[in-house]
**Student:** 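Just dropping this structure here.
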Amino acid sequence: MSMMWTVKVVSLGVVGLSLSVELLGWLLRRLRTGRTLNEVLFFPSEVACVEHIFTPSLHHSCLCPLPHGVETSFSRFLRRILSATSSLDLCVFAFSNMDLSRAVLALHSRGVTIRVLTDKDYAAITGSQIGVLRKAGICARCDVGSVYMHHKFALVDGRLLITGSLNWTLTAVQSNMENVIVTDEPDLVQPFIKEFHRLWMHNDPARYLHSSDQKPAHSTTRTLD
């Protein structure tokens, strides 16, 4: 009788231990998936091929002379941008980097809703990609103020914030000392969502088109800090 009781107790102990291990594994998985993303990227970035990011099947067949299979600040930056599945809101001072333009166009071709806010002076400079985006059907608005629209941030799917000192230019990526923070902290993401919406509405061309009370624009010289 005592032997049977001992066997039952041991069996219950094994079952209990098994359930405890499964529960611990479940909790760890929940904690892992619920972990907040905080990533810091510094530039200038090492120059390397990024073709495999756009076309993974070409990872071993790209013949360009740049280093391959190298993870860089720029490649991580690109991956974050290309992770968008529903929307990308971009607010950037200067946009002339062709790889980043290619990424935005690729998202657009996938049906991702894209909105771009940029500085009106820098949108018109040689090499700016704003015209390329507009030609592809992407909605891009320029600021209407007399000061620079100097923001550099992107919102991916309304959940991920990418912000820092980095302009979307080749010089910024490859030559300048820059920083970028990537986070999905709601307390940080939400104010940027609110600010983008405010700027988007404020710079709606429909507000100024055919406005009877619009005053003539004064000639203003803007200086870059």
Side-chain angles (χ1 to χ4, degrees), residues 37 39-41 43 45 50 53-54 73-145 147-174 176 178-186 188-206 224:
L37 170 66
E39 182 179 16
V40 178
L41 304 175
F43 296 81
S45 176
V50 295
I53 298 176
F54 294 102
S73 293
F74 184 58
S75 67
R76 291 194 289 272
F77 186 88
L78 264 180
R79 290 184 195 280
R80 294 301 184 190
I81 296 297
L82 287 167
S83 71
T85 58
S86 60
S87 67
L88 175 68
D89 289 335
L90 173 61
C91 194
V92 64
F93 177 56
F95 188 169
S96 61
N97 187 290
M98 296 184 70
D99 283 325
L100 288 170
S101 177
R102 182 181 175 187
V104 173
L105 291 171
L107 291 174
H108 178 64
S109 69
R110 296 178 202 165
V112 174
T113 300
I114 297 172
R115 299 184 295 178
V116 180
L117 277 167
T118 190
D119 184 81
K120 62 175 178 285
D121 289 346
Y122 275 71
I125 66 172
T126 302
S128 172
Q129 293 296 300
I130 299 302
V132 175
L133 301 184
R134 283 174 169 164
K135 188 175 181 179
I138 295 173
C139 187
R141 293 180 180 176
C142 294
D143 71 293
V144 296
V147 297
Y148 282 112
M149 201 302 296
H150 215 241
H151 284 306
K152 297 109 178 173
F153 70 86
L155 293 157
V156 176
D157 295 338
R159 60 169 181 80
L160 187 69
L161 170 66
I162 304 173
T163 187
S165 65
L166 187 78
N167 272 310
W168 285 32
T169 67
L170 186 64
T171 299
V173 169
Q174 295 186 1
N176 292 353
E178 309 277 5
N179 67 83
V180 168
I181 292 176
V182 183
T183 181
D184 59 4
E185 290 267 10
L188 298 176
V189 176
Q190 288 302 316
F192 278 87
I193 291 176
K194 184 177 179 180
E195 176 66 2
F196 185 91
H197 178 72
R198 183 188 72 81
L199 291 172
W200 187 256
M201 298 304 294
H202 177 71
N203 293 293
D204 184 355
L224 177 61

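Side chains are part of it too, since the values below use all heavy atoms of this structure and drop only hydrogens, waters and symmetry mates.
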**Student:** Quick one: CD1 on Ile162 to CD1 on Ile81, what's the gap to the nearest 0.5 Å?
**Tutor:**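 Answer rounded to 0.5 Å: 3.5 Å.
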**Student:** Under the side chain to side chain contact (heavy atoms under 4.5 Å, CB included) test, which residues partner Arg115, sequence neighbours left out?
**Tutor:**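 Arg115: side chain to side chain contact (heavy atoms under 4.5 Å, CB included) contacts with Asp89, Phe196, Trp200.
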**Student:** Quick check: does any side chain N or O of Thr163 sit under 3.5 Å from a backbone N or O of Phe153, one acting as donor and the other as acceptor?
**Tutor:**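 No: the side chain of Thr163 does not pair with the backbone of Phe153.
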**Student:** The criterion is ring pair (Phe, Tyr, Trp, His ring centres under 6.0 Å); which residues satisfy it with Phe74, sequence neighbours excluded?
**Tutor:**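 Checked Phe74 against ring pair (Phe, Tyr, Trp, His ring centres under 6.0 Å); zero matches.
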**Student:** Does Ser86 have any side chain to side chain contact (heavy atoms under 4.5 Å, CB included) partners at least two apart in sequence or in another chain, and if so, which?
**Tutor:**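 Counting only residues at least two positions away or on another chain, Ser86 forms a side chain to side chain contact (heavy atoms under 4.5 Å, CB included) with Asp157.
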**Student:** Within the 4.5 Å heavy-atom criterion, are Leu155 and Leu88 side-chain neighbours or not?
**Tutor:**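 A side-chain contact is absent here, since even the closest heavy-atom pair is not under 4.5 Å.
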**Student:** Please tabulate, one pair per line, all N/O donor-acceptor pairs under 3.5 Å involving side-chain atoms of residues 129-140, not counting sequence neighbours.
**Tutor:**
residue : atom : partner : partner atom : Å
Gln129  : OE1  : Ser101  : OG           : 2.9
Gln129  : NE2  : Gly127  : O            : 3.4
Arg134  : NE   : Ala140  : O            : 3.2
Arg134  : NH2  : Ala140  : O            : 2.8

**Student:** Using modelled atom types only, decide if a donor and an acceptor are shared between the side chain of Ser128 and the backbone of Ser96 within a distance under 3.5 Å.
**Tutor:**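 No, Ser128 side chain to Ser96 backbone: no donor-acceptor pair under 3.5 Å.
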**Student:** List the steps and the verdict of side chain to side chain contact (heavy atoms under 4.5 Å, CB included) for Cys91 and Met149.
**Tutor:** CA-CA 8 Å; Cys91 194; Met149 201 302 296; 3.5 Å; yes
**Student:** Does Asn167 have any side-chain hydrogen bond (donor to acceptor under 3.5 Å, both in side chains) partners at least two apart in sequence or in another chain, and if so, which?
**Tutor:**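 Listed in chain order: nothing, the list is empty.
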**Student:** Identify, with sequence neighbours excluded, every residue that meets salt bridge (Lys or Arg N to Asp or Glu O under 4.0 Å) alongside Asp184.
**Tutor:**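 With neighbours one apart ignored, the set is empty.
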**Student:** What residues form a side-chain hydrogen bond (donor to acceptor under 3.5 Å, both in side chains) with Ser87, not counting sequence neighbours?
**Tutor:**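 For Ser87 there are no side-chain hydrogen bond (donor to acceptor under 3.5 Å, both in side chains) partners, ignoring immediate neighbours.
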**Student:** Determine, step by step, whether Val112 and Thr85 satisfy the side chain to side chain contact (heavy atoms under 4.5 Å, CB included) criterion, reporting the C-alpha distance in whole Å, the side-chain angles of both residues, the deciding distance to 0.1 Å, and the verdict.
**Tutor:** CA-CA 6 Å; Val112 174; Thr85 58; 5.7 Å; no
**Student:** Kindly give the heavy-atom pair with the smallest separation between Ala84 and Leu107, and that separation in Å.
**Tutor:**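 Taking every non-hydrogen atom into account, O-CD2, 3.6 Å.
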**Student:** Side chain to side chain contact (heavy atoms under 4.5 Å, CB included) for Leu160 and Val189? Distances and angles first, verdict last.
**Tutor:** CA-CA 7 Å; Leu160 187 69; Val189 176; over 6 Å; no
**Student:** Residues two or more places apart in sequence or in another chain: which of them pass salt bridge (Lys or Arg N to Asp or Glu O under 4.0 Å) with Arg110?
**Tutor:**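 Per chain and number, Arg110 pairs via salt bridge (Lys or Arg N to Asp or Glu O under 4.0 Å) with no residue.
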**Student:** Less than 6.0 Å separating the ring centroids of Trp168 and Phe77?
**Tutor:**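 So the answer is yes for these two rings.
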**Student:** Which heavy atom in Asp143 sits nearest to a heavy atom in Asn203, and how many Å separate them?
**Tutor:**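 Heavy atoms only, the tightest pair is CA-OD1, 3.1 Å.
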**Student:** Could you tell me which non-hydrogen atom of Glu178 sits nearest to which non-hydrogen atom of Ala172, and how far apart they are?
**Tutor:**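 Minimum heavy-atom contact is CG-O, 3.5 Å.
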**Student:** Is a side-chain donor or acceptor of Thr118 paired with a backbone partner of Cys142 at a separation under 3.5 angstrom?
**Tutor:**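 Pair absent, no side-chain N/O of Thr118 close to backbone of Cys142.
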**Student:** Quick one: pull up CG in Asn97 and CZ in Arg102 and give me the separation to the nearest 0.5 Å.
**Tutor:**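 Atom-to-atom, Asn97:CG and Arg102:CZ are 11.5 Å apart.
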**Student:** For Asp99, enumerate each residue passing the salt bridge (Lys or Arg N to Asp or Glu O under 4.0 Å) test, keeping only those at least two apart in sequence or located in another chain.
**Tutor:**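 Once residues adjacent in sequence are excluded, Asp99 has no partner under the salt bridge (Lys or Arg N to Asp or Glu O under 4.0 Å) criterion.
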**Student:** Nearest 0.5 Å, please: how far is CG in Leu100 from CG in Leu90?
**Tutor:**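 Going from CG on Leu90 over to CG on Leu100, the span is 9.0 Å.
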**Student:** Working to the nearest 0.5 angstrom, can you tell me the gap between Arg159 CZ and Ile193 CD1?
**Tutor:**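 With rounding to 0.5 Å, CZ (Arg159) is 11.0 Å from CD1 (Ile193).
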**Student:** Can you list the residues that meet the ring pair (Phe, Tyr, Trp, His ring centres under 6.0 Å) rule with Phe43, with sequence neighbours excluded?
**Tutor:**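 Testing Phe43 for ring pair (Phe, Tyr, Trp, His ring centres under 6.0 Å), a comparison that skips the adjacent residues, returns none.
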**Student:** Residues in side-chain hydrogen bond (donor to acceptor under 3.5 Å, both in side chains) with His202, at least two apart?
**Tutor:**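 For His202 the side-chain hydrogen bond (donor to acceptor under 3.5 Å, both in side chains) partners, ignoring immediate neighbours, are Arg207.
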**Student:** Would you mind reporting whether Val182 and Leu37 have side-chain heavy atoms less than 4.5 Å apart?
**Tutor:**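 Touching, per the 4.5 Å side-chain cut-off.
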**Student:** Got a donor-acceptor contact below 3.5 angstrom from the Ser165 side chain to the Asn179 backbone?
**Tutor:**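 Yes, because the side chain of Ser165 sits within donor-acceptor range (under 3.5 Å) of the backbone of Asn179.
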**Student:** Going by side-chain hydrogen bond (donor to acceptor under 3.5 Å, both in side chains), name the residues that satisfy it together with Glu195, two or more places apart in sequence or in a different chain.
**Tutor:**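 If we apply the side-chain hydrogen bond (donor to acceptor under 3.5 Å, both in side chains) test to Glu195, skipping adjacent residues, the hits are Arg198.
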**Student:** Please round to the nearest 0.5 Å and tell me the distance separating atom OH of Tyr148 and atom CZ of Phe93.
**Tutor:**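 Between Tyr148 OH and Phe93 CZ, I get 5.5 Å after rounding to 0.5 Å.
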**Student:** Could you tell me whether a side-chain N or O of Lys120 sits under 3.5 Å from a main-chain N or O of Gly145, the two making a donor and an acceptor?
**Tutor:**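 Yes, the answer is positive, given that a donor and an acceptor are paired below the 3.5 Å cut-off.
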**Student:** Quick one: pull up NE2 in His150 and CG in Asp119 and give me the separation to the nearest 0.5 Å.
**Tutor:**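 So the gap between those two atoms works out to 8.0 Å.
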